[in-house]
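Structure first, then comments.
Positions are given from 1, in the same order as the sequence printed here. Note that these values count all heavy atoms, side chains included, but never hydrogens, waters or copies made by symmetry.
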Amino acid sequence: MIERASRRHLLGLGAAAASLPFMPHVARAQTGGRVVVSTWGGDYAGLLGSNIDKPILGPKNIEVTQDVGTEPARIAKLIAQRRLPRGNVDIICAQAPSCYDLNEAGLLEPLDETKVPNMRHVVPELRNNYALPHIFSPQVFIYNTERVQAPPTTFADLMADRFKGKVGLLDNSFTYIVMAAALQKTGDAMNLQAVKPELEKLVRDGNKTYTVTDAFAPALRSGEIDVGPVWQARVIFWQKAGVAVRGSFPQEGSVVYVSSMGVPKNAPNKAAAFAYLNAMLEPAAQRGFADSMGYLPTNAEATLEGEVAQRLALPEPRPKLVAPDYAKLAAARDDLNDWWRRLLDGR
């Protein structure tokens with residue numbers, strides 16, 4: 001999961017991207033029944049194809065072209081085209097905070113049920129009128145079951161001596177770590193300034209930071225780390241791959257990660273884009289992502305069954321799930337980014 005660009009850097013990203021060559025296959029995808037989806041690559045891109053593009057949109061004669069890249073680079077291209085009457089992208093896939101920033105910058109098309117009928121089924125806590133949530137996952141503590149007999153049950157446990165030097169931290173989603181620490185210490189995930197001293201100690205205690213989420217699994221397997229905050233979906237995904245890990249839910253509650261999709265205001269094929277969003281919310285497509293990647297559906301009617309339902313089931317009593325306040329996060333993000341970079345550079 002790629003950490004979204006800060007709002008302070010949106011225009012800078014756009015200027016930097018203005019000189020980038022636009023991909024020829026993207027330019028060709030502006031006519032007819034084609035829709036261009038700006039997305040991450042890897043498993044996610046493959047699952048878009050197998051769960052949405054081919055089975056749902058194929059019979060409707062909508063051809064999907066994927067514009068694959070990192071989230072900051074794709075957002076930069078979108079910003080670079082903001083003044084064009086017709087851009088090159090119909091759908092932008094991004095983390096929920098990035099979509100909030102893009103909407104605040106006036107770049108996303110308003111959405112409602114007349115455009116995307118399946119919006120009526122979106123989980124209310126995750127719904128907005130500018131970007132639809134595709135999948136979500138709560139933050140948990142992953143731990144190696146072969147080396148950890150008493151798993152952490154609260155964020156404060158990560159700072160205990162027994163885990164010193166053995167905690168993994170994701171640099172690319174550090175703001176969620178800050179929110180988790182704030183939720184435990186103050187009861188408010190957005191009280192971000194209150195936990196800087198604790199997190200500074202956590203980083204300087206010899207614990208490891210990783211720029212790529214996939215680096216967590218080999219580190220847990222090798223013994224480089226034993227525990228760390230990650231998404232429940234990642235725990236499930238790595239369990240399926242044979243890694244000896246489990247996840248424990250924080251007693252204070254779990255901050256949720258949301259992957260969203262929006263439509264740029266200058267999308268060349270808005271009708272196809274709305275059809276894509278509607279297909280993304282179809283129960284069959286939602287179940288496909290749950291089965292393959294371990295992310296929970298955002299469509300309340302996409303009920304899970306059998307082994308998939310057991311694997312993704314939340315524990316009882318049901319843990320408290322906390323959605324970030326994206327407006328507050330945006331207001332604090334530049335300061336947090338500067339602080340975090342100085343912290344990592346100075347240890």
Side-chain angles (χ1 to χ4, degrees), residues 1-17 38 40 69-80 82 92-108 131 137 139 155 158-159 167-186 188-205 207-216 228-231 255-260 262 322-347:
M1 300 159 193
I2 306 302
E3 179 68 21
R4 66 256 165 258
S6 70
R7 281 203 299 172
R8 184 174 69 184
H9 297 140
L10 285 180
L11 293 180
L13 282 172
S38 173
W40 301 278
T70 66
E71 183 173 312
R74 293 184 291 103
I75 288 175
K77 288 202 290 185
L78 189 67
I79 295 166
R82 66 184 300 171
I92 177 75
C93 300
Q95 294 184 69
S98 292
C99 288
Y100 174 86
D101 287 344
L102 289 171
N103 185 62
E104 286 293 292
L107 298 181
L108 296 185
S137 188
Q139 190 182 54
F155 194 91
L158 299 184
M159 290 174 275
V167 180
L169 302 170
L170 281 174
D171 178 30
N172 60 9
S173 56
F174 80 91
T175 52
Y176 289 90
I177 298 173
V178 180
M179 285 188 279
L183 183 61
Q184 183 273 319
K185 182 177 180 180
T186 71
D188 179 3
M190 306 316 299
N191 193 354
L192 305 171
Q193 302 298 324
V195 292
K196 285 183 177 180
E198 288 84 353
L199 291 174
E200 288 170 0
K201 182 179 185 302
L202 188 63
V203 169
R204 289 169 178 159
D205 270 351
N207 295 304
K208 312 298 189 300
T209 56
Y210 301 90
T211 57
V212 180
T213 308
D214 286 337
F216 243 61
V230 297
W231 314 118
V255 180
V256 296
Y257 164 86
V258 181
S259 175
S260 299
V322 179
D325 184 322
Y326 299 119
K328 291 182 178 179
L329 185 60
R333 189 180 304 136
D334 290 335
D335 172 72
L336 284 179
N337 283 336
D338 292 343
W339 163 76
W340 183 254
R341 295 270 69 82
R342 291 195 305 270
L343 177 59
L344 294 190
D345 292 344
R347 51 177 193 179

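With sequence neighbours excluded, no residue forms a salt bridge (charged side-chain N to carboxylate O under 4.0 Å, His left out) with Asp188. Under the salt bridge (charged side-chain N to carboxylate O under 4.0 Å, His left out) criterion, Lys328 pairs with no residue at all, not counting sequence neighbours. Among residues two or more places apart in sequence or in another chain, the salt bridge (charged side-chain N to carboxylate O under 4.0 Å, His left out) test is passed with Asp214 by Arg234. In this structure, the side chain to side chain contact (heavy atoms under 4.5 Å, CB included) partners of Glu198, at least two apart in sequence or on a different chain, are Met159, Lys185, Val195. Partners of Trp340 by ring-ring contact (aromatic ring centres under 6.0 Å, His included), not counting sequence neighbours, listed by chain and number: Phe174. Residues meeting the ring-ring contact (aromatic ring centres under 6.0 Å, His included) test with Phe216, sequence neighbours left out: Tyr210.
Side-chain contact between Gln193 and Asp335 is present, with at least one heavy-atom pair separated by less than 4.5 Å. By the 4.5 Å heavy-atom criterion applied to side chains, Lys77 and Ser38 are not counted as neighbours. Residues Val178 and Trp339 have side chains in contact (heavy-atom distance under 4.5 Å, counting atoms from C-beta outward). The shortest distance between side-chain heavy atoms of Lys201 and Asn207 does not fall below 4.5 Å. The side-chain heavy atoms of Gln139 and Val322, taken from C-beta on, include no pair separated by under 4.5 Å.
Under a 3.5 Å cut-off, the side chain of Arg74 and the backbone N or O of Cys93 do form a donor-acceptor pair.
Scanning all heavy atoms of the two residues, the minimum distance from Ala194 to Thr186 falls at CB-CG2, 3.9 Å.
Ring geometry, Tyr100 versus Tyr326: the interplanar angle falls from 30° to 60°, so the pair is classed tilted.
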